[in-house]
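Have a look at the structure below, then the notes.
Model, not experiment: these values are computed from the prediction.
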Amino acid sequence: MSEPILVAENLTKWFPVKRNLTQVMKGNRTWVRAVDRISFTINKGEIFGLVGESGCGKTTTGKLIMKLLEITDGTLEMKGENATHLRGAALEKYRREVQMIFQDPYSSMNPRFTVRDVLMEPLEIHKVGKDAKEREVWVREILDEVKLSPPDEFLVRHPHMLSGGQRQRAATARTLMLSPSIIVADEPVSMIDLSTRAEILHMMRQLQREMGLTYVYITHDLSTARYFTDRLAVMYLGKIIEMGVAGSVIDRTLHPYTKALIAAVCEPVSGKVNRIKDVPIKGEIPAATNIPPGCRFHPRCLYAVEECWQEEEPTLDDIGGGHLVACRRWAEIERLGAAARTSEASLGTRKSSFAPSA
Amino acid sequence: MKKRDFSQLRSMWSEFRRIKFGMVGLALLGMFVVVVLIEPLIVPFPDAATRWRDMTYWVDNPRNAKPAWVNWFTSKDYAPSARIQSDNIVSGEFGAGKLYQAELPYKYSWDKAPSDVTLRMNVTGNARYEAEFIRPDGLSVTYQKTSQGAGTRDLRISVAQNLQPQLYQFAGKYEDPRVMQSTSASTINPLAVLFSQAEKGALLSGSKPLDGTYTVRVKVVAADATSSLNEAELIVAGGVQGVLGTDNMKRDLWSGLIAGTKWALIIGLLTSFIAVVVGVIYGVTSGYYGGFVDSLMNRIYEIFSSVPLLPILIVMSAVFKPSIWIMIAMMCIFFWVGPVRTVRSIALQIKEASYIEAARGLGASNRRILMRHMIPQLVPYAFASMALSVPGAIVYEASISLIGLGDATRVTWGQILQAAFSSGAVLQGIWWWVVPPGVAIALMGMTFAFIGFAMDTILNPKLKTR
Ligand code: SF4
């Protein structure tokens with residue numbers, strides 16, 4: 001089952017920061033290290049989650065996979081072939097293999113196009129099918145696949161005549177037109193109604209099973225990630241800090257940052273709903289131009305000790321069971337966590353004054 | 001064009017219909033187009049466009065005649081221009097040859113005599129002819145002449161030029177001899193004599209017009225069998241003529257103005273169309289590619305947009321003596337900068353939309369993104385921009401023509417104005433030569449300005465007053 005389809009090795013993307021004249025004269029170049037030497041392997045047929053706050057580099061990673069951005073350093077391998085820098089026919093072939101669902105269903109389709117135009121576009125670009133008729137047959141099949149039926153009704157609609165959920169279905173349909181292997185889904189449900197989210201994710205999962213697709217699911221939302229993904233990578237400031245099987249990462253969280261993320265999730269449990277969270281994190285996310293020395297999380301980490309910023313940055317190490325973590329104190333933290341859980345009851349009473357009487 | 005693009009224009013149209021001045025502009029444009037289409041039907045001189053500077057084409061017209069409707073506002077009416085064709089030439093044996101006879105009646109009921117009355121006879125071969133001008137009171141003046149020559153030709157007897165001695169004599173019979181002595185045949189106005197009552201004091205001044213039917217009796221004696229009278233026509237060159245009168249070269253200004261409409265439309269629409277198409281493509285390309293390409297294109301744009309167009313046009317026209325097409329081309333070279341800035345900023349905005357990124361992710365080429373995703377969105381703006389740059393093109397052409405550097409082979413409004421100014425029409429009070437082309441230029445400009453502003457109102461929600 002675990003046959004690698006996409007392998008990233010030290011994948012890096014630096015963006016130059018706009019300079020003023022004096023900086024140019026001095027020869028200063030500042031860089032935003034949006035993605036900073038990350039390595040991961042995505043297996044065929046799995047749903048791989050990339051989780052993190054906005055600005056952590058997860059979308060940039062998605063665009064690097066999509067080849068919408070040039071890779072600064074590191075390598076990307078697709079089905080065993082080097083895909084770091086592609087041109088011409090090789091790029092075209094790659095584009096047919098990798099498709100993307102964009103976050104904003106309202107702007108990911110040309111407002112002047114009808115659903116038919118939107119779905120025909122990939123076929124036209126890659127000259128699939130011999131004429132418009134043949135293409136339309138295929139378009140109708142896919143519309144059926146994403147449950148936009150009857151197709152006749154939807155084909156002539158413009159995006160603004162669709163609901164958010166329908167748009168995301170149409171966007172999904174577009175990605176399927178070329179029968180790709182990998183679909184990068186960048187927050188596909190974050191901008192649509194809560195009530196339809198599960199439906200869309202369910203549809204995506206069904207498609208994945210039927211067609212043997214591989215998803216890269218990019219999100220800031222750990223709760224959908226847990227529900228939807230097989231494996232998870234948590235990113236912070238351009239770096240993966242914890243990665244592993246979704247259940248393991250969420251239930252046996254080791255990195256202090258992942259812990260903070262989980263703590264921030266609203267838990268729909270009676271009595272806890274409106275509780276103001278005591279999130280175990282401090283400060284704000286620093287600018288990606290100025291990454292803290294040592295462990296890049298140390299200014300915000302509640303567990304940070306001197307060696308965290310004095311020593312080299314901790315590496316992403318396997319601690320068994322395919323669970324990787326980049327924290328030098330993970331073992332101690334796990335022990336502390338076990339201790340803290342026993343005192344949770346007292347924590348709950350302390351905070352209850354803020355909660356409505358349930 | 002795909003259906004999609006039409007639906008976009010259709011929705012624009014439904015908004016456009018609600019804007020009053022836009023509809024006024026559209027109605028005016030419709031009027032101009034209709035005028036161009038039915039041009040031959042509404043002008044008395046359909047060859048005006050091609051023979052504007054051909055003196056022979058205008059020879060029978062009065063000089064500096066006022067528009068016909070001036071009579072509505074004056075107490076003393078001018079005789080309008082008229083043509084009386086003989087429909088009945090009687091011929092009979094006359095010795096070795098033939099005698100042709102024709103009568104041309106002219107009904108006169110005005111206060112001011114026409115500026116000339118010309119008898120035109122189309123004859124073949126040798127002919128001796130006699131024209132008797134019979135007044136309503138029975139008195140008459142006769143003119144005789146022999147014309148020899150081969151072939152068919154027009155003979156002209158002009159009252160103003162040929163009948164002066166006869167009419168001087170005629171006046172002498174009734175006028176005070178002392179008055180007659182102070183004048184001579186060459187100083188009297190023969191038309192005034194012909195059309196006034198045979199009374200002392202009235203004949204030379206023409207102060208008492210004689211109303212009634214004047215008849216010109218033509219007798220042509222053809223000397224041999226090969227000679228003949230083919231046609232006889234009386235041409236009255238009035239004091240007023242047609243819708244807009246004539247200029248000092250006897251040209252019918254209405255015909256010229258209508259002929260100029262076509263050129264105004266061609267100059268305006270062609271220039272703005274080419275310029276806007278180039279400008280839109282330029283702006284989109286610059287905005288889409290960004291970076292170095294954008295900077296370079298911006299510099300080029302700035303050079304073109306900061307060059308003052310009129311002086312350049314004047315210099316180039318003076319050097320090249322350009323045809324109208326070259327002038328259109330020269331205007332295009334500078335007009336394309338008009339839409340660039342706006343188009344570029346719109347392009348920058350569209351470029352950020354994630355459907356552009358989506359298209360790139362699908363492997364769409366830059367060309368495809370530009371042509372399929374970006375340019376179609378600029379179509380409405382392009383239309384507005386075209387409409388707004390039409391008046392400029394028309395005015396520039398008129399300006400070049402006005403200083404005498406335009407294409408002298410066409411009749412444009414600017415050319416008419418130029419002729420008016422150079423012959424001092426303003427100082428002589430020939431307002432009907434100056435005002436109509438000026439108004440036409442303004443009206444045409446207004447037409448497109450209205451349409452353009454209306455489209456702008458639709459596209460720019462900020463301007464919407466509702
Ligand atoms: S290495 Fe230190 S600072 Fe970094 S996450 Fe672990 S405990 Fe916190």
Measure A:E92 against the heavy atoms of chain B and call it side chain, backbone, both or neither at under 4.5 Å.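 Contact with chain B: none, neither part.
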Which atoms of A:M109 approach chain B - backbone, side chain, both or neither, heavy atom under 4.5 Å: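 For A:M109, the backbone is the part near chain B, not the side chain.
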Tell me whether the count of non-hydrogen atoms from other residues, nucleotides or ligands lying under 6.0 Å of CD in A:E81 goes above 12. no
If you count heavy atoms of other groups shown closer than 6.0 angstrom to CE of A:M211, is the number above 12? yes
Tell me every residue that passes side-chain contact (heavy atoms from CB on, under 4.5 Å) with A:H220, counting only those two or more places apart in sequence or in another chain.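 Scan of A:H220 (side-chain contact (heavy atoms from CB on, under 4.5 Å), adjacent residues dropped) gives A:K58, A:E187, A:S190.
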Sequence-distant partners of B:L269, side-chain contact (heavy atoms from CB on, under 4.5 Å), two or more places apart: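 B:L269 satisfies side-chain contact (heavy atoms from CB on, under 4.5 Å) with B:L265, B:V390, B:F448 once adjacent residues are dropped.
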Among residues 325-363 of chain B, which ones touch chain A with a heavy-atom distance under 4.5 Å?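 B:A353, B:S354, B:Y355, B:E357, B:A358, B:A359, B:R360, B:G361, B:L362, B:G363, listed by number.
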For residues 272-303 of chain B, give me every residue with a non-hydrogen atom less than 4.5 Å from any non-hydrogen atom of chain A.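 Residues of residues 272-303 of chain B touching chain A at under 4.5 Å: none.
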Of the listed A:M100, A:R96, A:R174, the one with the largest count of heavy-atom pairs under 4.5 Å with chain B is A:R174
